[in-house]
2 protein chains.
Amino acid sequence: MNIDPTMSVPIYKQIADYIRQTVAAGVYRPGEMIPSLRALALQLKVNPNTVQRAYEQLEREGLVRSRKGLGMFVTQQGAKTAQTKSEAAVCSAFARGIRAALAAGIQPPRVLTAFEKAWESVETEVRAQA
Amino acid sequence: MNIDPTMSVPIYKQIADYIRQTVAAGVYRPGEMIPSLRALALQLKVNPNTVQRAYEQLEREGLVRSRKGLGMFVTQQGAKTAQTKSEAAVCSAFARGIRAALAAGIQPPRVLTAFEKAWESVETEVRAQA
DNA sequence: TATACTGCACTAGTAGGCTAGTACACTATG
DNA sequence: CATAGTGTACTAGCCTACTAGTGCAGTATA
């Protein structure tokens with residue numbers, strides 16, 4: 001995972017989004033433990049406090065549950081919750097784009113074109129990483 | 001126009017986006033003057049300085065040019081610039097959504113469904129306003 | 001010249017995000 | 001029991017982004 005400190009999105013939100021996506025994708029399954037505060041902080045080269053803030057948010061969402069002295073564990077409904085939340089975030093991003101397009105007077109057919117264009121650009125990104 | 005101070009997006013960016021969209025939509029044409037700092041500040045109930053920051057950004061983008069004592073005027077290539085920039089913003093929003101979807105393991109068909117869902121929700125928003 | 005509009009520049013205060021440090025409580029394991 | 005791992009809680013401080021207030025300079029017009 002990559003953290004971009006220059007982004008306007010706070011680091012702790014980037015971390016929360018990342019963990020949520022991995023849980024949604026099934027990398028961590030219900031009952032399993034996600035990386036410890038200190039381990040992830042070390043890996044991402046950020047302060048443990050920042051990771052904790054991310055984990056607090058995930059716990060409020062009901063995605064994980066902390067067990068003192070043991071770690072943070074994905075709850076039974078965690079995968080489902082993560083999927084729902086992730087899909088909502090995707091919808092929200094799309095809606096923002098569509099709203100901006102209509103406000104700028106871009107016609108619906110051109111909006112679809114923009115979507116296809118975005119799709120292709122993301123696909124080439126993925127290929128480049130692999 | 002509505003300003004949402006609770007959004008994570010800074011007010012001055014919301015203003016800049018709004019003006020850019022209206023120029024792209026042809027509300028203000030090349031050679032025409034956009035609302036004065038104080039007039040817009042009064043209307044949106046924000047500080048004139050905040051509007052100025054938005055206008056500075058638009059001037060850097062080559063969308064408008066300031067004439068001391070007169071106002072801010074849309075440049076000749078302003079409309080074209082605004083359209084290009086707006087479309088790029090739309091693409092960017094779509095790409096963010098698609099990237100998040102793939103990271104969360106959402107399959108391509110479901111991504112399309114999410115897009116259609118977002119489209120419908122925006123449409124009902126627009127109807128509600130009208 | 002006086003007035004009222006324009007943009008511009010400077011200073012100051014506020015809030016949020018991040019880091020750092022420290023200390024504590026719990027659990028498993030040797 | 002000692003140790004090393006886990007999460008939790010708190011304080012303090014820094015830095016940047018953002019907003020606000022105020023005053024100044026240019027331009028048009030009566």
* Side-chain touch A/Arg53/A/Gln57, heavy atoms, less than 4.5 angstrom -> no

* Structure fact -> Taking every heavy atom of A/Asn49 against every heavy atom of A/Asn47, the minimum-distance pair comes out as N-OD1, 2.9 Å

* Nucleotide C/dA9, atom C1' - distance to CD of B/Glu59 in whole Å -> 14 Å

* Specify the separation, in whole Å, of atom NZ of A/Lys68 and atom C1' of D/dG5. => 16 Å

* Looking at B/Gln76 and B/Gly31, what are the two nearest heavy atoms and their distance? -> NE2-N, 4.4 Å

* What pair of heavy atoms forms the shortest contact from A/Gln83 to A/Ala24, and how long is it? -> NE2-O, 3.5 Å

* Is the gap between the ring centers of A/Phe73 and A/Tyr28 under 6.0 Å? -> no

* Structure fact -> Per atom distances to the A/Ser66 side chain, the nearest of D/dT8, C/dA9, D/dT27 is D/dT8

* To do: Can you tell me the distance, in whole Å, between the OH atom of A/Tyr55 and the P atom of D/dT6?
  => 11 Å

* Structure fact -> Taken to the nearest whole Å, CD1/A/Ile34 to C1'/D/dG7 is 11 Å

* Kindly point out which of D/dT27, D/dA9, C/dG7 is positioned nearest to the side chain of B/Met72? => C/dG7

* Asked: Where is the tightest heavy-atom contact between A/Val9 and A/Gln14, given as atom of each residue plus distance?
  -> O-NE2, 2.9 Å

* Could you state the atom-to-atom distance from CE of B/Met33 to P of D/dT27 in whole Å? => 15 Å

* Asked: How close do A/Pro35 and A/Leu40 get, heavy atom to heavy atom, and via which atoms?
  -> CB-CB, 4.3 Å

* To do: Flag the pair A/Tyr55 / A/Tyr12 as yes when their ring centroid distance falls below 6.0 Å, and as no otherwise.
  => no

* To do: Under 4.0 Å between any heavy atoms, over every strand shown, what does A/Leu37 touch: base, sugar-phosphate, or nothing? Just pick one.
  => base

* To do: Using atom CZ of B/Arg67 as one end and atom C1' of C/dC5 as the other, report the distance to the nearest whole Å.
  => 15 Å

* Structure fact -> 5' to 3', nucleotides 12-24 of chain D under a 4.0 Å protein heavy-atom cut-off (B base, S sugar-phosphate only, - none) gives ------BBBB-B-

* Structure fact -> For A/Phe94 and B/Val111, the nearest pair of non-hydrogen atoms, with its separation, is CE1-O, 3.8 Å

* Asked: To the nearest Å, how far apart are A/Gln52 CD and C/dA23 P?
  -> 17 Å

* Asked: Rounded to whole angstroms, how far apart are CD on A/Glu56 and C1' on D/dC10?
  -> 12 Å

* Dot-bracket for DNA chain C, 5' to 3', with Watson-Crick and G-U pairs under 3.5 Å, [ ] for crossing pairs and | for other-strand pairs: what is it? -> ||||||||||||||||||||||||||||||

